[in-house]
2 protein chains.
Amino acid sequence: MNDSGSPTLEQVAALAGVSRATVSRVVNGSPKVLPHTVAAVERAIGQLGYVPNRAARALVTRRTDSVAIVVPEPDSRVFSDPFFAGILRGVSHTLAPTSSQLVLLIEPAEGDDQRLLRYLRGGHVDGAIIVSHHGRDNVLQELAQLPLPIVFSARPLGVDVPVASVDVDNVEGARKAVEYLLSIGRRRIGTIAGPLDMTAGLDRLTGYQDVAREAGMTEAVAFGDFTPDGGEQAALRLFDEFPDLDGLFVANDLMATTALRVLSQRGRKVPADVAVVGFDDSVMATTTTPKLTTVRQPIEKLGARLAEILLAKIAGAELTSPEVYPTELIVRDSA
Amino acid sequence: MNDSGSPTLEQVAALAGVSRATVSRVVNGSPKVLPHTVAAVERAIGQLGYVPNRAARALVTRRTDSVAIVVPEPDSRVFSDPFFAGILRGVSHTLAPTSSQLVLLIEPAEGDDQRLLRYLRGGHVDGAIIVSHHGRDNVLQELAQLPLPIVFSARPLGVDVPVASVDVDNVEGARKAVEYLLSIGRRRIGTIAGPLDMTAGLDRLTGYQDVAREAGMTEAVAFGDFTPDGGEQAALRLFDEFPDLDGLFVANDLMATTALRVLSQRGRKVPADVAVVGFDDSVMATTTTPKLTTVRQPIEKLGARLAEILLAKIAGAELTSPEVYPTELIVRDSA
DNA sequence: TTGTAGGCGTTATCAC
DNA sequence: GTGATAACGCCTACAA
């Protein structure tokens, strides 16, 4: 034991009667060590409760064995978002069998970008996963150009260099929702869209518009901000302007819940008068009355892929293209 | 520049025309350096874009400047829980101005406790915040006894050594809810409780029972698992057994949402026939119809305190007692 | 197959 | 106030 408590390679070596180098080889699984020696060393390691000192190792290998998951926006909503939770789960699950640790990096306050960038540039992590919702031009662009393996969750808006990213096909998901509404006989379908500075907002609106155009349907759009309140306001405006809608596609479940309430307050039955489809398949989808028909994304899988891609890039792979996964329509009672 | 890109102390020293030691002093804000020297060094640092190498520093200081937030259960629900998100937010906000980084540690699979313990024992972090929901006897106890500054979010069940913890007063919160129901004239009040291996479940039930006893009211309890489905089942059972309840306290909002639906299906008006109070004040509380009256906890503040206490312990403070914060009743439409 | 020795970038303890 | 210099614990040629 040294002063601070943890045994060192040196002590293991002494106990096992070999050199530091040999212990190091055993620890790192080098194939060219005699079984007999390995056993002796492992016994010593067990006896001493030896754990390699990460700092010392990082100093010489220049690998930190840790990756960052970066949330480059102070917006506290990101956190409460079940999407973020799912990504985290997928990422951490994939990283678990690895020796890599997950470091959480959050922009503490608006405009404190430099802190993040400095950290990432400082060689404190081997790579980073960026989970950003808004198209924050500068930061995202700078992140994308960092001399560090990087992968984005969701194609970053306003970044003009090729980057690795994994995302769900939001356009296709929205299409599915609207086409389903069409298939059950709805003809005047409106949408509550999300902010256009978020890929989710932008792409889901695009999907709606594509189908509307193909079906020769007039567009009926109101914008919300993905929050319940925003959804309520948007629903109010939408139905004021287009009172005769018989179908509604809402860009996320959170807004859909309050849209449902607006409808019920106006005496319009769901799904009889207006069929409603949400997006996300969050917990809330099953707590509303009626239960929400919605578009599900394979969130955890996205998280897993994010981690896999990052690991591959760290290992030297050249990956700089988007990867897109399909969604699935979950039919419940609202449509 | 060395091979790997980052400039070192040595290079800064050379450029500034001073010794490594002096640069180190400047970097660490030592007071005894001439202003003139400081300026020269800082200029050099700026020019080179020098960033201290964390590994090298950690190796000699034996401080890692990072703290872990550990979730010692594979249960994926922990993550989706808005409570966890809030804690994370509070912690990271408090840590931001510090040089400390946040490392996320999750038990990847049931029974893989040793991995966590080994990591924490390995001196990879300066301290740890434990966010555990279930009373997982062994692990929690072992965590509590680690030779490392530790603080628990929520008093850990089944740990028999004194530990630092911060929590909300769940008993008092439940009392407030039930007393409020009493105050608006309800006399037959039931509760949907959470699992008893979670402090939140246990304490909230205790609060209900205390008030029931004091008011001479018969207890009417059904147990759920804090999920929407569990809440639905519990509500079904509860109202089958006690059809005449006129008040209901549900141990969390998630279960309250489905309880609301059960009530509506049975034709019982809320709040006219049955007044309902939830717990958490989650997003869902405002998306239900009617909006949920609920008990709010200062989650973000809890997270902040968690970080503050940990930082203090790392700095040497001896803190091994629980800290408890009050809740607030948010009256909306359901009661 | 195993040991020797040098160095990774910092901080800390001395002198000066 | 500043500069040598010795650790810190580990990996990795290179030599044996």
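Keep in mind that this is a model prediction, so the values were computed, not measured. Reminder, nothing fancy here: chain letters follow the sequence lines and each chain counts from 1. Scope of the values below: all heavy atoms of this structure, side chains included, with no hydrogens, waters or symmetry mates.
A pairwise comparison of heavy atoms in B/Ser153 and B/Ile87 identifies OG-CD1, 4.3 Å as the closest pair. Closest heavy-atom contact between B/Ala68 and B/Leu120: CB-CD2, 4.2 Å. Listed here is the closest heavy atom pair of A/Ala40 and A/Ala16: O-CB, 4.0 Å. Smallest separation of non-hydrogen atoms from B/Leu148 and B/Val125: CD1-O, 3.6 Å. Of all heavy-atom pairs spanning A/Leu88 and A/Ile69, the tightest one is CD1-CD1, 3.7 Å.
Near DNA chain D, defined here as any heavy-atom distance below 4.0 Å, there are no residues from residues 32-40 of chain A.
Taken to the nearest 0.5 Å, the CG atom of A/Asp160 stands 7.0 Å off from the CD atom of A/Gln145. Expressed to the nearest 0.5 Å, how far OG of A/Ser132 lies from CG of A/Leu157 amounts to 9.0 Å. The distance from atom CZ of B/Arg118 to atom NE2 of B/His124, rounded to the nearest 0.5 Å, is 9.0 Å.
In this structure, A/Leu59 places its CG atom 12 Å from P of C/dT11, rounding to the nearest Å. Remark: C1' of C/dG9 and NE2 of A/His124 are 13 Å apart, rounded to the nearest angstrom. Taking atom CD1 of residue A/Ile45 and atom C1' of nucleotide D/dC10, one finds them 13 Å apart after rounding to whole Å. The CG-P distance, from B/Asn53 to C/dG9, rounds to 7 Å in whole Å. If you take CZ of A/Arg63 and C1' of C/dG9, they are 19 Å apart, rounded to a whole angstrom.
The side chain to side chain donor-acceptor pair (under 3.5 Å) search around A/Ser66 returns A/Thr64, not counting sequence neighbours. In terms of the side chain to side chain contact (heavy atoms under 4.5 Å, CB included) criterion, residue partners of A/Ser92 (sequence neighbours excluded) are, by chain and number, A/Leu102, B/Phe79, B/Ile106.
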> Reading nucleotides 11-16 of chain D 5' to 3', which nucleotides get B (base under 4.0 Å from a protein heavy atom), which S (sugar-phosphate only), which -?
Replying inline: BBB---
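Contact between the side-chain N/O atoms of B/Ser19 and the OP1/OP2 oxygens of D/dG3 is found at a separation under 4.0 Å.
One axis for each end of the helix from C/dT1-D/dA16 to C/dC16-D/dG1, each built from five base pairs, and the angle between them comes to 30° at 10° resolution.
Legend: side chain to side chain donor-acceptor pair (under 3.5 Å) pairs involving residues 304-316 of chain A, not counting sequence neighbours, sorted by first then second residue: A/Arg305-A/Glu308, A/Arg305-A/Glu323, A/Arg305-A/Tyr325.
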